[in-house]
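Here is the structure we will look at, set down as structure tokens.
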Amino acid sequence: MRRPRGLAAVRFGQDSSDVVDLGLVALGVLASVVALLLGVWGIAVLGAVPSLVSDVVRGERPPALRRLLRRVLLDRPERSLVRNGAVAVAVAATPPATEFASLAFLLVTVMVAHLGLAGYTALALRRLARERATMTWRHLGVRASGPAAGAVQEEGPGALPDPVQDRLPIDGLRLLTASEALVLGGFAFAAAGVHLLPPVIAVVVIGIIAWTCWTAWRAWGPRAGHGVRRSDDAVAAAVADLAPEVVFYFSSPADGTYALGVWASVINALERPVLVVLREAVHLAGTESIRKPTVVAPTVGDLIAITPDSVRVVLYPTNVVRNDEMIRIPGPMHCFIGHGDSDKVGSFSPLNRMYDEIWVAGRAAIDRYAAVDEGIDLNVLRAVGRPQLADIRRAAPDVEPGHRLTVLYAPTWEGFFDEADYSSVAAMGERIVRGCLDAGADVLFKPHPLTGHRLPEAGRAREAIDELVRRAGGGSEVVAPSPNSLYEAFNRADLLISDISSVITDFLASRKPYAVSNRRDVPEATFRAMFPSSSAAELLGSDLATLPTALADAAGADPRRAQRETLAEHLLGPEGDPMVLFLAEIDAFIARSRARLARAGRA
């Protein structure tokens, strides 16, 4: 089911400065100009129809066209005035001459329609201002208020009740907009010399507008007929009934949703009561694979309201400023779990000092923290494995003769600054892919979601690689950005080519050969010392001279298999089912949290 955006304020005209709407209104104005030049009033009437139909239907707009002109004051009332005004000018100024009385009736109707839309929108926004619903939820049984009081809603809040739709199969905003079709018809009759119908149409339209606005006034005015919805209180009550012991807390920029997506399988596997807390509603669309109760809590007050005393531990996949709004809530213990384990500088940030515990995959991550010595107490570090890797298949000992190699090229992005730029996409990516294809291998291309976010040349290179892989056909393809697509690609690939990133660490669960880009041509010994995760890899310098060797190793030579086995255990933790081990760590963490509360006399 497609979720309504926000609090369904879209129904009241708040999202109406889209490029599509602006373009359709411009089309109507252009048609009016053409009608004036050619002296054909019908062109203006026809030109207004697309904008009118669009406003009545209000279908979903392509994401790339949404909200690009937020400051253009062209909401529904203004659009109505512009398109009807353009038709009125064309009808009045083109032959044959239109009877003044008919034109006057219709012009008054145009102004009334504009005022009706503006008044209806103002009443609706006043209604929104009285609402106490700021939280959004999914997979949580929340008891509805208002006319549907007592019903349990698994997601919401739904659209605000529309008083017109209580009586008709159309909401008030669309009814007001649809009535403009009669106005356009009135102009057409007036221009055609039919004298009686335009005044009759004007009276009918004004009656529709008056009834609609009166209905809205009764429902949304000072003596509102609908009770004010208080779904935030109901959400807090539903969370209290859930009594979550574990909270997955997530905040990030809009394009960072993937960082929570990598934990979806773990969240779904938890048997203890768990709540996913999002601070930004934009992430809801990218977390549909999570089947546990999820709440968007945009304010600190919301956050406090949905953190009942039952919460024992809070897990943080990202390290952002808004994390401190949760950490300041007393009671639970707080743990940074990250969204990947790698040799990148972000994997051992001194900011992690604020957490009670820091969970990492294996001993290698603890060694990173010890090496940088940034004040992190090594006693709060725990190697808990990588539960997301439970379904990664181990490599077969031997490759079948005649087997066509499949290479996964999964580079990282260019980072927020040059020191964190490990990406090979702009400098080497196209040559890497072309070299693999020329050698007869299939290529799976899985770029990082943020590729091109900072450097335009990386974005252009990504597009070129996309096109190269798509043209290759056969078993080559661009891997979809779905949450588990990378791990599915691991199982299909014979060889990974990547950059310094958590992809390397995760791929080692398969024990298959891998190659790592060294685009700056750092001396081999220095590079491997800087980035221990590359110690069992073939290094690809800027000239790609070692690419044939990497392909040959994957085809059967594989001299580094024993080295990968040792490195995998060092990076990923002890042998065993990583999901089972992680869930056991959750149980132990809750026990530690309860013990701390008991010591403080708050258990």
Side-chain angles (χ1 to χ4, degrees), residues 11-13 16 25 28-29 32 41-42 44-58 74-93 97-127 162-225:
R11 294 167 59 89
F12 311 125
S16 48
V25 170
V29 174
S32 180
W41 57 264
V45 174
L46 292 175
V49 170
S51 177
L52 174 59
V53 171
S54 173
D55 272 358
V56 173
V57 176
R58 281 309 289 166
L74 203 65
D75 286 346
R76 283 181 188 256
E78 288 74 25
R79 290 203 300 274
S80 169
L81 186 62
V82 169
R83 63 176 166 251
N84 287 312
V87 172
V89 169
V91 169
T98 305
E99 183 188 41
F100 175 77
S102 295
L103 190 61
F105 269 108
L106 291 170
L107 287 174
V108 170
T109 306
V110 168
M111 293 306 300
V112 172
H114 172 70
L115 293 174
L117 279 166
Y120 188 92
T121 303
L123 284 170
L125 294 178
R126 180 183 182 278
R127 169 71 182 193
D162 185 283
V164 173
Q165 205 161 20
D166 288 346
R167 299 163 175 82
L168 299 175
I170 186 173
D171 64 75
L173 194 63
R174 289 185 173 88
L175 178 60
L176 289 171
T177 306
S179 68
E180 288 184 48
L182 296 175
V183 178
L184 292 181
F187 278 117
F189 285 123
V194 179
H195 303 309
L196 180 61
L197 281 179
V200 172
I201 290 174
V203 171
V204 170
V205 171
I206 290 173
I208 292 173
I209 295 169
W211 178 82
T212 303
C213 291
W214 172 247
T215 302
W217 175 261
R218 291 181 61 191
W220 296 334
R223 298 181 179 180

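When the shell of 6.0 Å around CH2 of Trp214 is examined, it contains 12 or fewer heavy atoms from other residues, nucleotides or ligands.
Side-chain N or O atoms of Arg83 include none that pairs as donor or acceptor with a backbone N or O of Gly28 at under 3.5 Å.
Proximity of Gln165 to Ile170: side-chain heavy atoms (C-beta onward) are nowhere separated by under 4.5 Å. No side-chain heavy atom of Ser179 sits less than 4.5 Å from a side-chain heavy atom of Val183. With contacts defined as side-chain heavy-atom distances shorter than 4.5 Å, the pair Phe189/Pro198 qualifies. You'll find the side chain of Phe187 stays beyond 4.5 Å of the side chain of Thr109, heavy atoms only. The shortest distance between side-chain heavy atoms of Trp211 and Arg167 falls below 4.5 Å. In this structure, Ile206 and Val203 have side chains that are not in contact, with every pair of non-hydrogen atoms separated by 4.5 Å or more. Using a 4.5 Å cut-off on side-chain heavy atoms (C-beta onward), Trp41 and Val87 make no contact. Contact annotation: the side chain of Asn84 approaches that of Leu184 to within less than 4.5 Å [non-hydrogen atoms, C-beta and beyond].
In this structure, Tyr120 has its ring center at least 6.0 angstrom away from the ring center of Trp217.
The structure places CG of Leu115 at 9.0 Å from CG of Leu81, a figure rounded to the nearest 0.5 Å. Leu182 contributes atom CG, which lies 6.5 Å from atom CD1 of Ile201 (distance to the nearest 0.5 angstrom). Atom CG of residue Leu173 and atom CG of residue Leu117 lie 6.5 Å apart, to the nearest 0.5 angstrom.
The two atoms that bring Arg79 and Val25 nearest to each other are CD-CG2, 3.5 Å, heavy atoms only. When all heavy atoms of Leu103 and Ala92 are compared, the closest pair comes out as CD2-CB, 3.5 Å. Among all heavy-atom pairs drawn from Leu107 and Ala88, the shortest one is CD2-CB, 3.5 Å. Minimum interatomic distance between Gly116 and Leu176 (heavy atoms only, all atoms of both residues): O-CD1, 3.9 Å. For the residue pair Ala190 and Leu106, the shortest heavy atom distance occurs at CB-CD1, 4.0 Å. Taking each heavy atom of Ala86 and Ser32 in turn, the nearest pair found is O-OG, 2.8 Å.
Of the N and O atoms on the side chains of Thr177 and Glu180, not one donor lies less than 3.5 Å from an acceptor on the other residue.
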